[in-house]
There are 2 protein chains.
Amino acid sequence: MKQISTRFSIAVHTLSLIAVSPNDCTGDFIAGSVNTNPVVIRRIMGMLKKAGLVDVRPGVGGASLLKDPSQITLLDIYRAVNVTEENQLFRIHENPNIRCPVGRNIEQVLQAELRDAQSAMEQRLAQTTLADLIGRFT
Amino acid sequence: MKQISTRFSIAVHTLSLIAVSPNDCTGDFIAGSVNTNPVVIRRIMGMLKKAGLVDVRPGVGGASLLKDPSQITLLDIYRAVNVTEENQLFRIHENPNIRCPVGRNIEQVLQAELRDAQSAMEQRLAQTTLADLIGRFT
DNA sequence: CTTAGAAGTAACTAAAATGGTTACAACGGT
DNA sequence: ACCGTTGTAACCATTTTAGTTACTTCTAAG
């Protein structure tokens, strides 16, 4: 089955690190904690930057949060790294046979259901903030 | 972003067809309504069969539901076609640095949140039955 | 018993997404 | 000016899909 990219969990990890140790958070340092290649971190940092969650300084290095951890939800992070795809968790097969009653209506009927299901997941993500997570890294 | 396979929507389409026209539901007929290759349908039918949702008869052909449409939820179908993967919608990066407080705890903390989010989506899918959908194919 | 039609399945392919990697340009304090 | 860092481009191996061809197996009808 298809799974949601580790970009999401890496982004949460990255933001947690920045929140916990505001100093020394270079891409290489974060990559060391995540245990991956620094370029992977830079790519994700670029998405977080574009989403307005972090400020990254070229040259000198180091990142800082642009919002308080209590104001950043998992949904914010999820949306930041799931680029380019607007809103579609589920795919629906295309071009069903419109001469068939089922084929003619399946897309519209299913889309409403799947949108609701996706929304249920996202609303759950919106309930947890970065601050909530940090509190559990005892 | 990764999306959930069209296997799911095709499976819903397939079961709807079987429920609406219990006769003549051969793989080729279903493939004609879905507008894909018959082998794709046979593969999905095999999964639905293994999940105990349909009975398919080799030789003569034709499929029939093993449960009433009001007893088949979208979650049942979702689970039937998302084979082999047990329960993981989200992936979490592996082998974080355990010498880092964040790296040491991120997996456990995140896993609880993501499980809840996935569960929220699945519970929404469980609220809709095949009978609900069929009623909308006017 | 034979045959036609259908399911079951293996094997191959193209396309897309992912995550890792190397390489290099651009930037900015010290 | 230098050094460490960010920002990207380019490339690659792996995985997942979904479509396709081809072949075997099965069952009912003739």
Side-chain angles (χ1 to χ4, degrees), chain A residues 1-11 13-14 17-18 22-32 34-51 53-64 81-86 88-96, chain B residues 1-11 13-14 17-18 23-32 34-51 53-64 81-85 88-96:
Chain A
M1 184 219 148
K2 278 202 176 180
Q3 295 179 282
I4 289 170
S5 163
T6 57
R7 275 200 307 270
F8 178 40
S9 69
I10 293 178
H13 189 146
T14 296
L17 270 181
I18 297 173
N23 310 325
D24 310 316
C25 262
T26 67
D28 283 37
F29 172 77
I30 297 171
V34 170
N35 193 25
T36 185
N37 191 288
V39 177
V40 173
I41 299 299
R42 287 183 222 150
R43 277 202 284 247
I44 292 174
M45 294 273 281
M47 298 176 188
L48 298 175
K49 185 179 184 178
K50 192 176 296 183
L53 296 178
V54 299
D55 178 43
V56 188
R57 299 184 318 242
V60 57
S64 52
V81 297
N82 276 326
V83 270
T84 65
E85 292 293 339
E86 68 289 357
Q88 307 278 57
L89 176 61
F90 296 91
R91 278 186 65 197
I92 299 184
H93 57 289
E94 296 172 341
N95 304 317
Chain B
M1 185 219 147
K2 277 204 174 177
Q3 295 178 280
I4 289 169
S5 164
T6 57
R7 275 200 308 269
F8 178 40
S9 68
I10 293 177
H13 189 147
T14 297
L17 270 180
I18 298 173
N23 310 325
D24 312 315
C25 262
T26 67
D28 283 35
F29 172 76
I30 297 170
V34 171
N35 192 26
T36 186
N37 191 289
V39 176
V40 172
I41 299 300
R42 286 183 223 149
R43 277 202 285 247
I44 292 174
M45 293 274 280
M47 298 177 187
L48 298 175
K49 184 180 184 178
K50 191 175 295 181
L53 296 179
V54 300
D55 178 42
V56 187
R57 300 187 317 247
V60 56
S64 52
V81 298
N82 276 327
V83 270
T84 65
E85 291 294 339
Q88 306 278 56
L89 176 61
F90 295 90
R91 278 186 66 198
I92 299 184
H93 56 289
E94 296 173 341
N95 303 317

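Each chain gets a letter, A, B and so on, in the order the sequences are listed, and its residues count up from 1. Just so you know, these numbers use all the heavy atoms, side chains as well, and skip hydrogens, waters and symmetry mates.
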*Asks:* Atom CE in A:Met45, atom OG1 in A:Thr26: separation rounded to 0.5 Å?
*Replies:* 8.5 Å
*Asks:* Closest to the A:Ser5 side chain: C:dA7, D:dT20, C:dT18?
*Replies:* C:dT18
*Asks:* How many whole angstroms separate atom CG of A:Asp24 from atom P of D:dT6?
*Replies:* 11 Å
*Asks:* Atom CG of residue position B:Asp24 - does it have more than 12 heavy atoms of other residues, nucleotides or ligands inside 6.0 Å?
*Replies:* no
*Asks:* C:dG19 P sits how many Å from B:His93 NE2, rounded?
*Replies:* 11 Å
*Asks:* Does B:Lys49 have a side-chain nitrogen or oxygen under 4.0 Å from the phosphate oxygens OP1 or OP2 of C:dG8?
*Replies:* yes
*Asks:* If you check the A:Pro58 side chain, which of D:dG19, D:dG7, C:dG20 turns out closest?
*Replies:* D:dG7
*Asks:* For B:Gly59, which contact category applies under a 4.0 Å heavy-atom criterion: base, sugar-phosphate, or nothing?
*Replies:* base
*Asks:* More 5' along DNA chain C: B:Asp28 or A:Ile4, using each one's nearest nucleotide?
*Replies:* B:Asp28
*Asks:* Of all the heavy-atom pairs spanning A:Asn35 and B:Pro96, show the shortest one and how long it is.
*Replies:* CB-CA, 4.2 Å
*Asks:* Any base atoms under 4.0 Å from B:Arg43, or only sugar-phosphate, or nothing? Heavy atoms, all strands.
*Replies:* base
*Asks:* Please give, in whole Å, the distance from D:dT6 P to A:Met47 CE?
*Replies:* 16 Å
*Asks:* Report the residue (B:Val60 or B:Arg91) whose heavy-atom-nearest nucleotide on DNA chain C is the more 5′ of the two.
*Replies:* B:Val60
*Asks:* What distance separates B:Gln3 CD from A:Ile92 CD1, expressed to the nearest 0.5 Å?
*Replies:* 10.0 Å
*Asks:* What's the closest nucleotide to the A:Thr26 side chain, out of D:dT5, D:dT17, C:dA23?
*Replies:* D:dT5
*Asks:* What is the distance from CG of A:Asn37 to C1' of D:dG7, rounded to the nearest Å?
*Replies:* 14 Å
*Asks:* Base, sugar-phosphate, or nothing: which does B:Gly62 touch, judged by heavy atoms less than 4.0 Å apart?
*Replies:* sugar-phosphate
*Asks:* Does A:Arg57 make a side-chain N or O approach to OP1 or OP2 of D:dT6 shorter than 4.0 Å?
*Replies:* no
*Asks:* Look at the side chain of A:Arg42 and decide which nucleotide, out of C:dA23, C:dG20, D:dG19, has an atom nearest to it.
*Replies:* C:dA23
*Asks:* Heavy atoms only, 4.0 Å cut-off, all strands: where does A:Val39 land among base, sugar-phosphate and nothing?
*Replies:* base
*Asks:* Run A:Thr36 and B:His93 through side chain to side chain contact (heavy atoms under 4.5 Å, CB included) and show every step you take.
*Replies:* CA-CA 9 Å; A:Thr36 185; B:His93 56 289; over 6 Å; no
*Asks:* Measure the distance from CZ on B:Phe90 to P on C:dT18 and round it to the nearest whole Å.
*Replies:* 14 Å
*Asks:* In whole Å, I'd like the distance from the CD atom of A:Glu94 to the C1' atom of C:dA15.
*Replies:* 14 Å
*Asks:* Given atom CD1 of B:Ile44 and atom C1' of D:dG19, what is their separation to the nearest angstrom?
*Replies:* 12 Å
*Asks:* Answer yes or no: does a side-chain N or O of A:Thr6 lie under 4.0 Å from OP1 or OP2 of C:dG19?
*Replies:* yes
*Asks:* Taking all non-hydrogen atoms of both residues, which atom of B:Ser9 and which atom of A:Arg91 are closest, and how far apart?
*Replies:* OG-O, 3.7 Å
*Asks:* Nearest whole Å is fine: how far is C:dG8 C1' from B:Ile41 CD1?
*Replies:* 15 Å
